[in-house]
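Data block below; observations after.
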Amino acid sequence: MIEAAGVTKKYGKLTANDNISMTAHPGRITVLLGPNGAGKSTLIKSIVGLLRFEGKILINGVENKSIEAKKQLGYVPEMPAVYDLLTVYEHLEFIARAYELDGSWKEDAQTLLERFELSDKRDKLAKELSKGMQQKLSIACALIIKPKAVVLDEPLVGLDPHAIKELKLMMKELADSGAAVLVSTHMIDSMEDNWDSAYIMVKGKIAASVEREDDGHDLEKLFFDITEGAVG
């Protein structure tokens, strides 16, 4: 579970996040929607421990900046986070050693490489990869730890159709395994059929929250009604 309570983040006089409270529950895909500049990335960076903030954020009941929380949390940033001079496989080995994973990580690594069509790139340096391949590698690094909570910031941008299909399937598999999956995006159509809960952000605040099982919710219509001012 990912829980944010009263999260406020200011940059000088600018309030990027204004008293935000939200929850991504285990076994569910939670989508954080909003136009550019709504404060989504600031909230995501606060959740994964990259920013200081006011309020409280818990990962499965423990403070988000604790070692215990970090061991349970997978993070896919908006821009691929790779090391230029490590090969594709060395990235996965580095993560496995850092997280002290058991010996089964090698099988998991091979599976991830195959699913993201990176097997033939395992010995290539990250700097030799296209941005799309770097994004796939970044996702693989986040998932190899088998996180109990995972945060993905605009994860589908730059991916080829096969990778998009695989990542959406992996999100569902993670949720089905009991993980809390939080996806931040401004591309509504990319997640239209792949969500359980949704929060819509506008100007640093949560403007609405909806559940997929609730009847009568057209996520795209609600989004535009709220962000374009048709709804209060």
Side-chain angles (χ1 to χ4, degrees), residues 2-25 28-55 57 64 74-81 131-132 134-135 138-139 142 149-161 163-164 167-168 171 175 180-214 216-232:
I2 301 170
E3 302 171 90
V7 173
T8 297
K9 175 62 182 177
K10 297 181 179 181
Y11 297 100
K13 295 182 179 180
L14 173 65
T15 301
N17 289 163
D18 188 359
N19 194 33
I20 290 177
S21 295
M22 55 84 67
T23 303
H25 291 278
R28 296 175 70 82
I29 298 174
T30 300
V31 182
L32 183 65
L33 298 170
N36 291 330
K40 302 186 305 300
S41 288
T42 295
L43 179 59
I44 291 298
K45 289 176 181 176
S46 294
I47 289 172
V48 301
L50 296 178
L51 295 176
R52 294 181 180 180
F53 58 89
E54 298 174 21
I57 296 176
N64 72 316
Y75 172 46
V76 179
E78 182 175 3
M79 297 299 293
K131 183 178 178 181
Q134 289 182 351
Q135 178 73 344
S138 183
I139 295 168
V150 60
V151 175
L152 305 101
D153 191 1
E154 301 288 2
L156 303 177
V157 175
L159 294 183
D160 57 65
I164 290 174
L167 181 55
K168 286 183 175 181
M171 289 180 194
V181 180
L182 176 61
V183 184
S184 173
T185 185
H186 66 277
M187 299 168 60
I188 310 169
D189 58 340
S190 69
M191 296 298 296
E192 185 67 46
D193 300 318
N194 205 41
W195 65 285
D196 298 300
S197 303
Y199 290 89
I200 300 175
M201 285 189 69
V202 178
K203 297 180 180 179
K205 297 182 178 182
I206 299 294
S209 62
V210 295
E211 302 296 321
R212 186 180 181 91
E213 58 261 30
D214 292 343
H217 278 310
D218 182 325
L219 188 58
E220 185 174 34
K221 181 179 184 302
L222 180 62
F223 175 86
F224 285 115
D225 283 346
I226 290 173
T227 58
E228 296 180 358
V231 179

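Quick caveat, the model's predicted, so the values are computed rather than measured.
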Legend entry - Under 3.5 Å donor-acceptor, Thr8 side chain and Asn19 backbone: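 Answer holds: yes.
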Legend entry - Gly6 backbone acceptor or donor facing Ser21 side chain under 3.5 Å: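 Yes, because the side chain of Ser21 sits within donor-acceptor range (under 3.5 Å) of the backbone of Gly6.
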Exercise: identify the closest heavy-atom pair between [X] and [Y]:
{"X": "Ala198", "Y": "Leu219", "result": "CB-CD1, 3.9 Å"}
{"X": "Ser184", "Y": "Pro155", "result": "O-CD, 4.0 Å"}
{"X": "Leu159", "Y": "Gly132", "result": "CD2-O, 3.9 Å"}
{"X": "Leu51", "Y": "Ser46", "result": "CB-OG, 3.9 Å"}
{"X": "Lys9", "Y": "Thr42", "result": "CG-CG2, 3.6 Å"}
{"X": "Ala180", "Y": "Ala24", "result": "CB-O, 3.5 Å"}

Side-chain contact test, heavy atoms from C-beta onward, threshold under 4.5 Å: evaluate it for [X] versus [Y] and give yes or no.
{"X": "Leu32", "Y": "Met201", "result": "yes"}
{"X": "Ile44", "Y": "Tyr75", "result": "yes"}
{"X": "Met79", "Y": "Val157", "result": "no"}
{"X": "Glu154", "Y": "Gln135", "result": "no"}

Inset, instruction - I would like to know whether Met191 and Ile29 meet side chain to side chain contact (heavy atoms under 4.5 Å, CB included); could you show each step before the answer? - result: CA-CA 10 Å; Met191 296 298 296; Ile29 298 174; 4.1 Å; yes
Drop me the distance from [X]'s [atom1] to [Y]'s [atom2], to the nearest 0.5 angstrom.
{"X": "Glu3", "Y": "Thr23", "atom1": "CD", "atom2": "OG1", "result": "5.0 Å"}
{"X": "Gln134", "Y": "Ile139", "atom1": "CD", "atom2": "CD1", "result": "12.0 Å"}
{"X": "Asn194", "Y": "Leu156", "atom1": "CG", "atom2": "CG", "result": "8.5 Å"}
{"X": "Leu182", "Y": "His25", "atom1": "CG", "atom2": "NE2", "result": "12.0 Å"}

Inset, instruction - Among Ile188, Asp196, Val210, Thr185, find the residue that satisfies the side chain to side chain contact (heavy atoms under 4.5 Å, CB included) test when tested with Val31. - result: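 When Ile188, Asp196, Val210, Thr185 are each tested with Val31, the side chain to side chain contact (heavy atoms under 4.5 Å, CB included) holds only for Thr185.
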Inset, instruction - Applying side chain to side chain contact (heavy atoms under 4.5 Å, CB included), run through Phe53 and Asn64 and close with a yes or a no. - result: CA-CA 12 Å; Phe53 58 89; Asn64 72 316; 3.9 Å; yes
Inset, instruction - Output all residues satisfying salt bridge (Lys or Arg N to Asp or Glu O under 4.0 Å) with Lys205, sequence neighbours left out; order by chain, then residue number. - result: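 With sequence neighbours excluded, Lys205 shows a salt bridge (Lys or Arg N to Asp or Glu O under 4.0 Å) to Asp18, given in chain and number order.
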Legend entry - Residues in salt bridge (Lys or Arg N to Asp or Glu O under 4.0 Å) contact with Lys131, at least two apart in sequence or another chain: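 Lys131 satisfies salt bridge (Lys or Arg N to Asp or Glu O under 4.0 Å) with no residue once adjacent residues are dropped.
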Inset, instruction - Quick one: do Thr30 and Ile2 satisfy side chain to side chain contact (heavy atoms under 4.5 Å, CB included)? Show the steps, please. - result: CA-CA 10 Å; Thr30 300; Ile2 301 170; over 6 Å; no
Which pairs would a plain distance check flag for residues 33-41, meaning a side-chain donor or acceptor within less than 3.5 Å of a matching protein atom at least two apart in sequence or in another chain?
from: Lys40; atom 1: NZ; to: Gly34; atom 2: O; distance (Å): 2.9
from: Lys40; atom 1: NZ; to: Pro35; atom 2: O; distance (Å): 3.3
from: Ser41; atom 1: OG; to: Asp153; atom 2: OD2; distance (Å): 3.3

